[in-house]
Amino acid sequence: SAESPDRWLVKFSEYAVVNVAGAWKGWRNPVRYTTMEELGIDFAALSFKAMPAAAEPAEQIAASAKSTPMTIAQAKAGLALTFGVSPDAIEIIVRG
């Protein structure tokens with residue numbers, strides 16, 4: 001990107017849900033390089049789906065919040081995007 005020329009942004013247009021029992025052995029690093037064959041996955045048999053539309057970036061939500069009131073649900077949605085968690089994981093206390 002223009003802001004970080006030394007970094008790459010990878011975007012996916014499709015995905016397939018794959019569930020291989022016992023594939024993750026609890027390693028500390030969440031990335032592991034392997035092959036489809038080693039995992040027993042037949043790539044041709046996978047059913048790919050289109051990626052859902054991207055959520056509105058947190059920066060846009062924050063910018064719009066400066067000039068317009070928002071609900072607790074909207075605030076939770078924006079904070080969830082910022083921190084990469086579910087809106088259910090956000091607690092907001094309003095004191096007045």
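Placement of F43 and L39 within a single hydrophobic cluster is found when ILVMFWY residues are connected by side-chain heavy-atom separations under 4.5 Å, directly or transitively. Residues V20 and V17 are members of separate hydrophobic clusters, defined by side-chain heavy-atom contacts under 4.5 angstrom among Ile, Leu, Val, Met, Phe, Trp and Tyr.
For the atom pair K76 NZ and D88 CG, the distance stands at 7.0 Å (nearest 0.5 Å). Atom CD of E14 and atom CG of L46 lie 11.0 Å apart (nearest 0.5 Å). With rounding to the nearest 0.5 Å, the separation of OH in Y15 from CE in M51 is 7.5 Å.
I93 places a side-chain heavy atom less than 4.5 Å from the side chain of R95.
For F48 and F12, the ring centers sit 6.0 Å or farther from each other.
Scored by the side chain to side chain contact (heavy atoms under 4.5 Å, CB included) test, L79 finds F83, I90, I92 as partners (sequence neighbours excluded). Every residue meeting the side chain to side chain donor-acceptor pair (under 3.5 Å) condition with E38, not counting sequence neighbours, appears here in chain and number order: R32, T34. Applying the side chain to side chain contact (heavy atoms under 4.5 Å, CB included) test to T71 and every residue at least two apart in sequence or in another chain returns A73, Q74.
Between P87 and A80 the shortest heavy-atom distance is N-CB, 3.6 Å.
Within a 6.0 Å radius of CG in N19, other residues, nucleotides and ligands contribute 12 heavy atoms or fewer.
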